[in-house]
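This report refers to the structure that appears directly beneath it.
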Amino acid sequence: MPFDRILNNNYTSMAKELPSRTEDYSLWYNELVKKADLAEHSDVRGCMVIKPYGYSIWEKMQQALDKMFKDTGHTNAYFPLFVPKSLFEAEEQNAEGFAKECAIVTHYRLKTDPQNKGKLIVDPDAQLEEELVVRPTSEAIIWSTYKKWIQSYRDLPILVNQWANVVRWEMRTRLFLRTAEFLWQEGHTAHATAAEAVKETVQMLDVYADFAENFLALPVVKGRKSEGEKFPGAIDTYCIEAMMQDGKALQAGTSHFLGQNFAKAFNVQFTSREGKLDYVWGTSWGVSTRLMGALIMAHSDDDGLVLPPKLAPIHVVIVPIFKTEEELTKISDKVQEISTALRKQGYSVKFDNRDTHKPGFKFAEWELKGVPVRLAIGPRDMENGTVEVARRDTKEKQVMKLDQVAVEIPKLLEDIQTNIYQRALTFRNNVTTKVDTYEEFKKVLDEKGGFISAHWDGTQETEAAIKEETKATIRCIPLDAKEEAGTCMYSGKPSSKRVLFARAY
RNA sequence: CGGGGCGUAGCGCAGCCCGGUAGCGCGCCACGUUCGGGACGUGGAGGUCGUAGGUUCGAAUCCUGUCGCCCCGACCA
């Protein structure tokens with residue numbers, strides 16, 4: 001019987017129960033996203049509604065990243081959603097990469113259908129002179145603008161970021177991982193020298209890695225993309241690659257060294273200190289709501305989300321255990337003290353004093369939503385001056401003196417943040433395998449998954465052949481790859497370092 | 001975009017093969033008893049069966065189109 005049948009049996013669907021990861025990872029993911037109130041499908045094909053709880057997490061990511069961007073000298077700006085087709089065409093390589101998945105605006109007016117009152121049709125008299133492409137990325141509109149901003153080396157560098165939505169008409173979508181419209185940030189910088197632009201590219205890669213590890217609690221491999229995998233408009237694409245619990249890799253962020261490609265396409269030149277005219281050097285870098293998918297798939301378990309405290313909308317939920325109104329009032333007074341003490345330290349505390357649900361129900365619900373710490377206080381605790389503390393990551397419980405809460409909970413939250421990072425790191429290390437033969441490669445790929453570190457001859461042909469035969473791609477050439485003489489596992493040609501392969505999202 | 005599956009109450013499904021005007025569980029509403037791990041009883045509300053056509057005396061059920069979702073491929077962040 002297919003697993004979705006089992007799942008949909010009446011008795012298992014009574015509560016908000018999740019399928020298990022081992023039985024059906026995809027189904028587990030989809031159900032978790034919906035049941036934890038992160039997102040749902042909308043009435044628009046391929047587009048999702050990010051629900052308040054999910055959006056709160058995204059806002060936390062934005063806040064952290066935005067600060068990091070500002071700290072490295074960047075400023076936010078906003079460019080239009082629409083890109084005139086002619087501008088889009090100007091950068092052929094890039095345009096070609098996205099052409100197959102662009103939404104295009106051709107008209108600017110609707111009118112009542114004369115044949116069918118109450119229905120609207122596109123007014124054929126309102127056709128645009130030039131079609132507008134809904135941005136799949138903003139290089140075109142931004143570089144055409146930078147042309148106006150840049151004349152001299154004194155105008156450089158330009159360090160701009162924008163938070164925006166983009167549209168890529170995907171054939172197959174999945175909540176957060178691949179949707180037709182998604183939210184992201186895109187940094188676009190312009191520099192006087194190649195060296196400075198490369199430095200910027202690498203700096204932003206470091207920012208992303210730092211963010212992934214310290215906020216998402218997600219270990220990542222920093223690396224460079226192969227020719228076949230890089231952004232079409234870039235000279236070099238750097239990326240951070242993460243490992244999900246099902247052994248598939250996920251690209252969590254990219255940073256591109258654009259060289260002078262866009263400057264040439266949009267004729268953005270500047271006069272250097274030496275009085276010479278030259279094209280501007282560029283970078284672009286971005287992370288998207290896809291990080292939500294990474295966050296979910298990296299840490300969560302069969303009981304629901306596991307959120308790193310640094311991104312959790314609610315750090316601590318407090319569940320009172322009471323029978324009478326009187327008891328609740330007493331408990332509420334105590335809770336007031338605790339939550340004030342925690343809020344003063346910057347933590348978000350939720351007191352779940354609903355009298356419409358029983359404690360057990362609340363426990364399960366907040367676990368599903370990944371709240372890192374739960375406190376339960378009942379009459380027994382009131383007598384003893386204690387509280388029951390449960391941590392979401394390990395599901396361990398302990399009884400704590402009430403007067404220790406304000407000091408111990410912050411420590412516990414820190415410990416949870418560290419623990420889920422360590423757990424993810426251990427997992428990733430366990431599913432990273434060195435192989436030297438193609439036979440071994442295929443075996444590991446099918447039986448174990450994960451990252452496979454292997455020698456590659458550096459050619460696109462070999463990369464394509466391996467992809468064709470195994471569905472595995474080169475995730476990256478790790479920046480810290482050791483020089484190591486070897487032979488390509490596929491072609492037998494010489495290779496100087498190992499690269500990371502994996503099946504990927 | 002190709003192959004397969006599925007759209008029936010807020011959610012998950014049964015009914016469809018063999019046409020006769022819709023049912024189950026959860027949830028929801030009310031009242032009572034419960035409350036330290038997803039409570040229970042009693043009563044109640046809720047559905048143009050995705051949508052548009054067609055066949056028929058009659059369509060959730062048969063046929064065609066269309067839209068959407070899921071799975072597998074191709075493509076991609």
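Quantities reported herein were computed from a predicted structural model and do not represent experimental measurements. A, B, ... follow the sequence lines: proteins, then strands. Residue 1 opens every chain.
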Pick the P atom in B:C49 and in B:A22, then give their distance to the nearest Å. 11 Å

What nucleic acid atoms does A:Leu177 come within less than 4.0 Å of, heavy atoms only: base, sugar-phosphate, or nothing? base

If pairing means Watson-Crick or G-U wobble with both distances under 3.5 Å, then the partner of B:A59 is none

Can you establish whether the number of heavy atoms outside A:Lys442 located under 6.0 Å from its atom NZ is more than 12? yes

Heavy-atom donor-acceptor pair, A:Glu367 side-chain to B:G37 base, under 3.5 Å: yes

Given salt bridge (charged side-chain N to carboxylate O under 4.0 Å, His left out), test A:Glu241 with A:Lys225 step by step and report yes or no. CA-CA 10 Å; A:Glu241 289 287 327; A:Lys225 284 292 188 191; 2.8 Å; yes

Should A:Arg172 be listed as having a side-chain N or O under 4.0 Å from OP1 or OP2 of B:C70? no

Identify each atom pair where a protein N or O and an N or O of nucleotides 28-31 of chain B are less than 3.5 Å apart, giving names and distance.
none

Touch check for A:Gln251, heavy atoms < 4.0 angstrom, all strands: base, sugar-phosphate only, or nothing? sugar-phosphate

Out of the candidates A:Val306, A:Ile57, A:Leu218, only one should pair with A:Leu295 under the side-chain contact (heavy atoms from CB on, under 4.5 Å) rule; please name it. A:Ile57

NA contact type, A:Asp355, heavy-atom cut-off 4.0 Å: base, sugar-phosphate, or nothing? nothing

Return the set of residues passing side-chain hydrogen bond (donor to acceptor under 3.5 Å, both in side chains) with A:Thr72 (not counting sequence neighbours), or none when no residue passes. A:His74

Euclidean distance, atom CZ of residue A:Arg168 to atom P of B:C75 [Å, nearest integer]: 17 Å

Parallel, tilted or perpendicular, as decided by the 30° and 60° cut-offs, for the rings of A:Phe211 and A:Phe215: parallel

Heavy atoms only, 4.0 Å cut-off, all strands: where does A:Gly293 land among base, sugar-phosphate and nothing? nothing

Check this for me: does any side-chain nitrogen of one of A:Glu337 and A:Lys334 sit under 4.0 Å from a carboxylate oxygen of the other? yes

Rounded to whole Å, the CZ-P distance (A:Arg178 to B:A74) equals 13 Å

Round to the nearest Å and state the distance from A:Leu175 atom CG to B:G68 atom C1'. 14 Å

Whole-angstrom distance between B:C24 and B:G36, as gauged at atom P: 31 Å

Does NZ belonging to A:Lys448 count more than 12 external heavy atoms closer than 6.0 Å? yes

Report the residue (A:Arg374 or A:Ser288) whose heavy-atom-nearest nucleotide on RNA chain B is the more 5′ of the two. A:Arg374

Students often get this wrong, so: under 4.0 angstrom with heavy atoms, is A:Tyr505 touching a base, only sugar-phosphate, or nothing? nothing

Atom-pair distance (CG on A:Leu18; C1' on B:C26), nearest Å: 16 Å

Strictly below 4.0 Å: does A:Lys471 bring a side-chain N or O up to OP1 or OP2 of B:A74? yes

Complement of B:C31, any strand, by Watson-Crick or G-U distances under 3.5 angstrom: B:G41

Within a radius of less than 6.0 Å around NZ of A:Lys111, do more than 12 heavy atoms belonging to other residues, nucleotides or ligands occur? yes

Return yes if a side-chain donor-acceptor contact under 3.5 Å exists between A:Gln162 and A:Ser138, otherwise no. yes

Take atom NZ in A:Lys51; do more than 12 heavy atoms of anything else shown fall under 6.0 Å from it? yes

Using purine N1 to pyrimidine N3 plus N6-O4 or O6-N4 for Watson-Crick, or N1-O2 and O6-N3 for G-U wobble, each under 3.5 Å, what pairs with B:G36? none

If you count every heavy atom of other residues, nucleotides or ligands that lies below 6.0 Å from A:Gln336 atom CD, does the total exceed 12? no

Measure from CZ on A:Phe363 to C1' on B:G36 and round the result to the nearest Å. 7 Å

Under a 4.0 Å heavy-atom cutoff, the residues of residues 315-324 of chain A touching RNA chain B are A:Ile321, A:Phe322, A:Lys323

Now, which nucleotide makes the Watson-Crick or G-U wobble pair with B:G2, with each of the two distances under 3.5 Å? B:C72

In whole Å, I'd like the distance from the CD1 atom of A:Ile331 to the P atom of B:G36. 12 Å

Using the P atom as the reference point in each nucleotide, state the distance between B:C11 and B:C75 in Å, no decimals. 36 Å

Under 3.5 Å on both distances, the Watson-Crick or G-U partner of B:A14: none

Distance below 4.0 Å between A:Lys358 side-chain N/O and B:A39 OP1 or OP2: yes

Between atom NE2 in A:His41 and atom P in B:G7, what is the gap in whole Å? 16 Å

Rounding to the closest angstrom, what is the interatomic distance between B:G23 and B:G5 at atom P? 30 Å

Could you work out which one of B:G36, B:C76, B:G38 sits closest to the side chain of A:Phe361? B:G38

Would you mind classifying the nucleic acid contact of A:Thr137 as base, sugar-phosphate or nothing, using non-hydrogen atoms under 4.0 angstrom? nothing

Please state whether the base of B:G36 and the side chain of A:Lys397 form at least one donor-acceptor pair under 3.5 Å? no

Spacing of the C1' atoms in B:A30 and B:G50 (rounded, Å): 34 Å

Contact class for A:Glu327 (heavy atom, under 4.0 Å): base, sugar-phosphate, or nothing? nothing

Please say whether more than 12 non-hydrogen atoms of neighbouring residues, nucleotides or ligands are located less than 6.0 Å from NZ in A:Lys248. yes

Specify the residue among A:Glu388 and A:Phe176 whose closest nucleotide of RNA chain B lies further upstream toward the 5′ end. A:Glu388

Contact under 4.0 Å: A:Asn30 side-chain N or O vs B:C71 OP1/OP2: yes

Report the base-pairing partner of B:A52 (Watson-Crick or G-U wobble, both distances below 3.5 angstrom), or none. B:U64

Rounded to the nearest angstrom, tell me the gap between atom CD in A:Glu40 and atom C1' in B:G12. 16 Å

